[in-house]
Amino acid sequence: MFKRILIANRGEIAVRIIRACREMGIESVVVFSDVDRRALHVRKADYAYHIGPAPAQESYLNIGKILNVAKISGAQAIHPGYGFLSENANFARACAEAGVKFIGPTAAAMEVMGSKTRARRAMRAAGIPLVPGSAEALRDSVEAEQIAEQVGYPVMLKAAAGGGGKGMRLVREPRELQAALQSARSEAKNAFGDDEVYVEKFVANPRHIEIQILADEHDNMVYLGERDCSVQRRHQKVLEEAPSPIVDAEMRRRMGETAVRVAQTANYTNAGTVEFLIDEKLNFYFLEMNTRLQVEHPVTEIVTGLDLVHLQLRIAAGEPLPFAQSDIQIRGHAIECRVYAEDPDNNFFPSPGQITRLISPSGPGIRRDSGMYEGWTVPLEYDPLLAKLIGFGATRQDAIHRLQRALVEYFVGGIKTNIPLFRRILADPEFQAGQVTTAFLDNLLQKEFAHPGIEEEAIRVAAIAAGIFAALDTNSTASTNSTNLNGNPSQSTKSIWKQKARAEALRG
Ligand code: MV4
């Protein structure tokens with residue numbers, strides 16, 4: 001086993017990997033940028049190296065700087081976490097050339113999955129079910145029209161280099177095709193420096209379900225069940241769960257065996273995830289493969305009882321998988337909430353700043369993977385994921401109830417978070433019934449807009465309460481209309497706020 005590894009990441013995932021290292025007696029080395037000097041991963045690691053300014057291009061994405069730290073720190077392997085360099089085949093290759101083990105698949109396996117058309121060609125040849133469509137780059141709009149005609153409208157145009165919905169266009173009828181192709185191409189060129197686009201038949205109201213796989217370097221491979229990731233907004237996952245409420249044992253076996261074939265086709269090693277799109281008749285189609293440890297890996301860890309980071313490290317060190325497929329059992333239910341520093345009442349705008357007060361939930365059936373602490377300032381330069389709150393229990397309902405309880409306990413002061421959104425999601429009857437497609441969250445947010453409910457009522461009550469407190473506080477009336485002589489801003493702000501609150505309460 002490695003004696004020392006470098007973690008080329010930050011935030012909650014760097015902390016997650018440091019924990020695995022400590023449990024396994026491995027020393028951890030981390031890197032940090034100017035704005036991460038006080039970050040939690042720097043505090044928790046055995047060694048930390050400053051690598052440059054805040055922009056990721058000059059720090060967490062800089063291959064030369066990271067390999068240099070590996071060299072001077074004596075790290076034998078690099079865990080890339082997720083995001084940043086985790087799916088960069090050039091980085092994996094540079095690690096190999098520098099004699100440092102990349103904890104993940106080979107550069108060659110990453111390259112098969114890096115282009116969607118290349119992956120579709122490989123999977124089609126292996127007999128994997130794909131969404132009907134093309135697997136070659138579209139030459140022009142004439143060819144696009146021919147293929148769209150064959151598969152039938154509506155169709156999706158997708159960028160071969162794509163991800164996160166970028167360069168993706170829904171085309172409902174032939175006359176929209178040419179313009180859609182042009183805009184998909186230019187968006188793809190902009191985002192990925194590659195304007196290759198292909199066609200897929202449109203799957204209406206899909207579910208997004210993915211299978212976790214693990215492969216060692218001795219030709220052993222297993223699937224670890226599915227995660228349902230249908231609750232998302234703008235291609236950002238918000239809540240994930242395992243198992244999926246719509247997958248039974250037979251469907252799990254079929255999807256799992258398909259996922260293993262996908263990974264075998266790419267000569268895949270280490271941890272990976274095969275994404276499927278599920279249609280309304282519960283047919284599943286290969287979408288893409290993520291060649292990294294994913295944000296939502298904890299729900300799989302809970303229902304399988306395995307530690308995926310331990311296993312990644314053991315696989316990378318050349319050990320064989322310590323179990324077979326028949327040893328894997330799915331037990332209980334786990335749901336993960338991604339806590340972001342963003343304001344759900346202001347169009348999910350990022351909300352960086354200092355965390356002035358933090359009260360964190362724990363107790364039965366709760367796991368929390370967090371990168372924040374009280375007093376820490378959330379930088380605006382990176383992904384705003386603060387923490388993951390995972391609830392689990394014997395049943396889906398137990399997991400929901402524990403999360404609901406934990407969300408009442410959770411208090412993050414000083415910044416806005418999306419914690420209130422999870423209270424709404426978990427209380428929703430459709431969510432509770434497990435009736436969740438990728439349209440769920442947009443619909444929920446529409447509903448809230450059309451029928452203002454508890455939030456608006458709470459604001460009214462708060463305004464009335466503020467009015468009553470102000471009326472009872474004789475000191476406050478004195479300062480209301482007078483100039484604040486000592487120029488104390490908090491005093492003057494307070495009285496303006498009180499005036500507003502009174503006016504608000506009286507209007508209602
Ligand atoms: C689709 C689709 C419908 N039909 N492909 C969005 C991101 C990307 N990775 C794949 N995506 C989709 N591909 C066909 N042929 C609908 C989506 C989609 C989606 C997929 C997964 C999770 C959330 C989604 C939200 C909107 C659309």
Side-chain angles (χ1 to χ4, degrees), residues 82-83 87 113-120 123-124 128-135 138 144 147-148 150-173 176-177 180-181 184 187-188 191-192 194 196-211 226-242 244-247 255 259 262 272-292 294-296 336 338 348 425 431 435-446:
Y82 51 69
E87 297 192 272
M113 298 303 177
S115 157
K116 289 188 178 173
T117 41
R118 188 171 166 197
R120 278 172 68 83
M123 296 314 146
R124 187 176 58 189
I128 303 297
L130 300 176
V131 184
S134 59
L138 287 173
I147 296 167
Q150 277 168 27
V151 303
Y153 286 88
V155 298
M156 294 281 256
L157 299 178
K158 291 189 177 183
K166 281 228 177 69
M168 198 169 86
R169 292 288 181 281
L170 172 60
V171 184
R172 298 196 173 276
E173 41 187 302
E176 297 172 353
L177 190 65
L181 181 60
E187 193 173 302
F192 316 112
D194 175 359
E196 184 179 335
V197 170
Y198 70 100
V199 181
E200 276 183 15
K201 188 169 178 62
F202 174 66
V203 178
N205 298 316
R207 283 179 169 84
H208 171 136
I209 298 181
E210 57 189 32
I211 302 280
E226 77 284 1
R227 296 184 286 259
D228 194 321
C229 308
S230 300
V231 180
Q232 54 77 48
R233 185 182 159 274
R234 298 196 180 169
H235 308 297
Q236 271 272 27
K237 291 170 186 166
V238 169
L239 174 151
E240 309 94 347
E241 62 182 296
S244 166
I246 62 143
V247 173
M255 289 182 77
V262 166
T273 298
V274 181
E275 289 188 5
F276 294 96
L277 215 50
I278 317 292
D279 71 13
E280 287 167 316
K281 293 174 182 158
L282 302 189
N283 297 306
F284 60 87
Y285 306 96
F286 168 75
L287 204 55
E288 56 193 79
M289 182 164 186
N290 299 315
T291 59
R292 60 168 189 275
Q294 289 195 264
V295 177
E296 59 272 27
E336 172 181 278
R338 294 191 185 190
F348 296 89
I425 294 171
F431 178 81
Q435 310 267 309
V436 175
T437 72
T438 49
F440 168 79
L441 189 51
D442 290 335
N443 291 342
L444 181 77
L445 295 169
Q446 287 298 119

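Ligands are counted one by one from 1 in listed order, and the atoms in each one are counted from 1 as well.
- In terms of protein heavy atoms, atom 9 (N) of ligand 1 is closest to Glu288 OE1, 3.3 Å.
- Counting all heavy atoms, side chain and backbone alike, Val199 lies closest to Arg120 at O-NH2, 4.3 Å.
- Ion pairing between a basic and an acidic side chain is recognised when a charged N comes within 4.0 Å of a carboxylate O; Glu176 and Arg169 show no such pairing.
- Rounded to the nearest 0.5 Å, atoms CD1 (Ile147) and CG (Leu177) are 10.0 Å apart.
- For ligand 1, the polar-atom distance check finds no N/O of Gln232 at less than 3.5 Å from any of the ligand's N/O atoms.
- Ranking the protein heavy atoms by distance from atom 21 (C) of ligand 1 puts His208 ND1, 3.3 Å first.
- Closest to atom 27 (C) of ligand 1 among all protein heavy atoms lies His235 CE1, 3.8 Å.
- The protein atom (non-hydrogen) at minimum distance from atom 5 (N) of ligand 1 is Lys158 NZ, 2.9 Å.
- Within ligand 1, counting atoms from 1 as listed, the ones closer than 4.0 Å to a heavy atom of Val131 are 15 (N).
- Separation of atoms CD (Glu196) and CG (Leu138) is listed at 8.5 Å; rounding is to 0.5 Å.
- Looking only at protein heavy atoms, the nearest one to atom 20 (C) of ligand 1 is Leu277 CD1, 3.9 Å.
- Nearest to atom 2 (C) of ligand 1 among the protein's heavy atoms is Met156 CE, 3.5 Å.
- Between Glu210 and Arg227, at least one side-chain nitrogen of the basic residue sits less than 4.0 Å from a carboxylate oxygen of the acidic one, meeting the salt-bridge criterion.
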Inset, instruction - Any chance you could lay out the side chain to side chain donor-acceptor pair (under 3.5 Å) test for Thr273 and Asn290, step after step, and finish with the verdict? - result: CA-CA 5 Å; Thr273 298; Asn290 299 315; 5.4 Å; no

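- Remark: Lys237 engages Glu296 in a salt bridge, criterion side-chain N to carboxylate O under 4.0 Å.
- Aromatic ring orientation, Phe431 versus Phe440: tilted (interplanar angle from 30° to 60°).
- Side chain to side chain, Glu226 and Ser244 fail the donor-acceptor criterion of an N or O pair below 3.5 Å.
- Listed by number with element, the atoms of ligand 1 under 4.0 angstrom from any heavy atom of Lys201 are 4 (N), 14 (C), 15 (N).
- Looking only at heavy atoms of the protein, atom 8 (C) of ligand 1 is closest to Met168 SD, 4.3 Å.
- Residue contacts with ligand 1: Thr438 is placed with no nitrogen or oxygen under 3.5 Å of a nitrogen or oxygen of the ligand (distance criterion only).
- Which parts of ligand 1 touch Phe202 is read off a 4.0 Å heavy-atom cut-off, strictly below it: atoms 3 (C), 4 (N).
- Distance from atom 3 (C) of ligand 1 to its nearest protein heavy atom, with residue and atom name: Val203 O, 3.3 Å.
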